[in-house]
Amino acid sequence: MSHPLETIRHSLSHVMAEAVCKLYPGTKVAIGPAIDDGFYYDFQLPVTVQPEDLPAIEKEMRRIIAANLKFERREISKAEAVALFAAQPFKLELIEGLEDGAITVYSQGEFTDLCRGPHVDTTRDLRPDCFKLRAIAGAYWRGDEKRPMLTRLYAYAFNSKDELNAHLKMLEEAEKRDNRRLGKELGLFSTHEEAGPGLIYWHPKGGRFRVELENWWRDEHYKNGYDLLFTPHIGKAWLWEKSGHLGFYKEGMYAPMEIDEEKYYVKPMNCPFHIMIYNNDGHSYRDLPLRWGELGTVYRYERAGALHGLMRVRGFTQDDAHIICTPEQIEDEIAEVLRFSLSMWKILGFKDIKAYLATRPAGDGAVGAPEMWATALESLRKAVDKEGLPYEMDEGGGAFYGPKIDLKVKDAIGREWQMTTIQFDFNEPERFDMTYVNSDGTKKRPYMVHRALLGSIERFFGVYIEHTAGAFPLWLAPEQVAVIPVGNDFADYAKTVGDQLRRAGLRVRMMLSDDRMNAKIRLAQAQKVPYMLVVGAKERDESTVSPRLRDGRQLESQAVETFIAHAKARVAEKSLEL
RNA sequence: GCCCUUGUAGCUCAGUCGGUAGAGCACAUCCAUGGUAAGGAUGAGGUCAACGGUUCGAUUCCGUUCGAGGGCUCCA
């Protein structure tokens, strides 16, 4: 009989626990749940297990599976449980938190575990070739830094060998696309631990991508009714006390610097600055909505162990904006932001997008009247419905200052990345006493919404590198065309062609070194240059070029002008195809 | 911060069971002038992460420090 994958994974974790206990007598077992791509089990081991030991554990697991053992469920009393797990301190702690009468244990072979279940019937339901031990990691007991560090063994597990292999292949592909690796290979960016980890250096090619992306971003924002701001990188302690950041976000901020005996903080967010601009003038309801965007560079403390290429950094540029509007406008504004965001993702080539609505957190830490939360959430939900976007609720997942929508986009190899975020803020308008004058002459509090569409430029770059494997669409490619003469005799003609392309506004790499043509093609391919134009005697005599595409396709020899028109059209329409 | 792994040329890595290191790519010079993924030769380049200890002698063994990679949420 077949069982849900989660059950199979969980049962496998018991098998692994049995194997580990057998191989390392004296092992204390903690917990072993199923996870997204397999399972893990946490142990306190009498010895240090090393990666070389994993095959032996796998082998023992297969032996257990082959023995065709039954998983037997028993209900026992709390007293029985305490006696049974007398030598297992972690289990005892878990038992303490359980109701008498609701305690179950599962046994297979020589191993009995405190477990709610369910499990497969016998180890025969587990396939010996559908799992693979993955890694050894440290994990705190119950995720608490103050509790003992346990050894966690991770494993992949799937329904079939094919699915396992497909997953392993995806991981292999992910490794090839790793933004740190491609960033180096394609000369896009670097980090320098000696100059400060988690800080990104954009090289000329990465810079070119960024400029093209940002230019487009600015154009789109102006077209969509935004104004753009530039604000300082530092602000006095007053600002951050007022905003509440020193109260709620201090651990994410860097230590202050002193200027004229005043403390200044580097900004972790742009919002207080935008509010300063808002509060610089009085506002009428007639002025609203205001949509103010900024590519604002912020610095946030991230723990050293959390830093990761472009994905997790300490300094980054948010594609931030704040929408300040009346309560009546909020629904349309939210719908509009969502539509705008989706239109951007479409152009960038992401089709699979899912929304996550986060509601008011439990407890009394949240600010803002419940009615405001309800209206806000309603406008978020309506917007998602209007776009026909699939969504999930994240109950209690909102920030203390307001509900939000996060969008997750799926990349070319099926991984989801959280990018766009649209968040209500009931906190700062209050703290900064933001107001506008309503039609009846009374002062009102506006709604404020923070939103970032790409998230941050750095992280987006990382995701996009991995999504495209570095083969950017023509309009974003740092180098769009490589001109490759067949031999040095044709260098002059190559230069003429290159100049012509440059004048037409294309980004050209002239490959005029002494290398052979084959080597140049190889290099241009490796650099993912979209078009390679090979020129020799024939092309020179006919004023043509012979285009090769980075996907290996070959176009007909054509007049230089024809090629320029072809490429320019694709740039103009931001085509994902060459 | 903590656990496991790890740190040798710009990059990717090999090696030394303790006698101060090697390959490929990249780079430089020279030869070769070429039709769609690497032409050839020569050369330059390293205080083997840093500091301490053991030793006649340490890049190699031991210790400490710093950095990097994976993990520390998914609740019997």
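Residue numbering restarts at 1 for every chain, and letters A, B, ... go by the order of the sequence lines.
Under a cut-off of 6.0 angstrom, the local environment of CD in E6(A) is sparse, with at most 12 non-hydrogen atoms contributed by other residues, nucleotides or ligands. Crowding of E577(A) atom CD: a count of heavy atoms from other residues, nucleotides or ligands under 6.0 Å not exceeding 12.
The partner of rC2(B), taking Watson-Crick or G-U wobble pairs whose two distances both stay under 3.5 Å, is rG71(B). Nucleotide rA14(B) forms no Watson-Crick or G-U wobble pair with any nucleotide shown, as no partner meets the under 3.5 Å limit on both distances. Of all nucleotides present, none satisfies the Watson-Crick or G-U wobble test against rU59(B) with each distance under 3.5 Å. Summarising the base pairing, rC66(B) is matched to rG7(B) through a Watson-Crick or G-U wobble pair whose two defining distances lie under 3.5 Å. Across all strands shown, rG34(B) remains unpaired; no Watson-Crick or G-U wobble contact has both distances below 3.5 Å. Summarising the base pairing, rA21(B) is matched to no nucleotide, lacking a Watson-Crick or G-U wobble pair whose two defining distances lie under 3.5 Å. In this entry rA28(B) has rU42(B) as its Watson-Crick or G-U wobble partner, both defining distances falling under 3.5 Å.
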Please produce a list of atom pairs where a protein N or O lies less than 3.5 Å from an N or O of nucleotides 2-7 of chain B.
residue : atom : partner : partner atom : Å
rC2(B)  : O4'  : Y140(A) : OH           : 3.3
rC2(B)  : O2   : Y140(A) : OH           : 3.4
rC3(B)  : O2   : G138(A) : N            : 3.1
rU5(B)  : OP1  : Q50(A)  : NE2          : 2.8

Protein and nucleotides 25-31 of chain B: nitrogen or oxygen contacts under 3.5 angstrom:
none

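Salt bridge absent: D178(A) and K176(A) never bring a charged side-chain N and a carboxylate O closer than 4.0 Å. Using a 4.0 Å cut-off between charged side-chain N and carboxylate O, E302(A) and R312(A) make a salt bridge. Under the 4.0 Å criterion applied to side-chain N and carboxylate O atoms, E185(A) and R181(A) are assigned as salt-bridge partners. The pair E466(A)-R415(A) counts as a salt bridge, with a side-chain nitrogen and a carboxylate oxygen less than 4.0 angstrom apart. Checked for salt-bridge contact, E75(A) and R73(A) meet the test: a charged N lies under 4.0 Å from a carboxylate O.
The CG atom of L54(A) sits 11.5 Å away from the CZ atom of R134(A) when rounded to the nearest 0.5 Å.
Side-chain nitrogen and oxygen atoms of Y40(A) include at least one within less than 4.0 Å of the OP1 or OP2 phosphate oxygen of rC74(B). Remark: H308(A) is in phosphate contact with rG70(B), judged by side-chain N or O atoms under 4.0 Å from OP1 or OP2.
In this structure, OH of Y493(A) is placed 24 Å from P of rU33(B), rounded to the nearest angstrom.
For L549(A), the side-chain contact (heavy atoms from CB on, under 4.5 Å) partners are Y531(A), D551(A), R553(A), L555(A), L578(A), not counting sequence neighbours.
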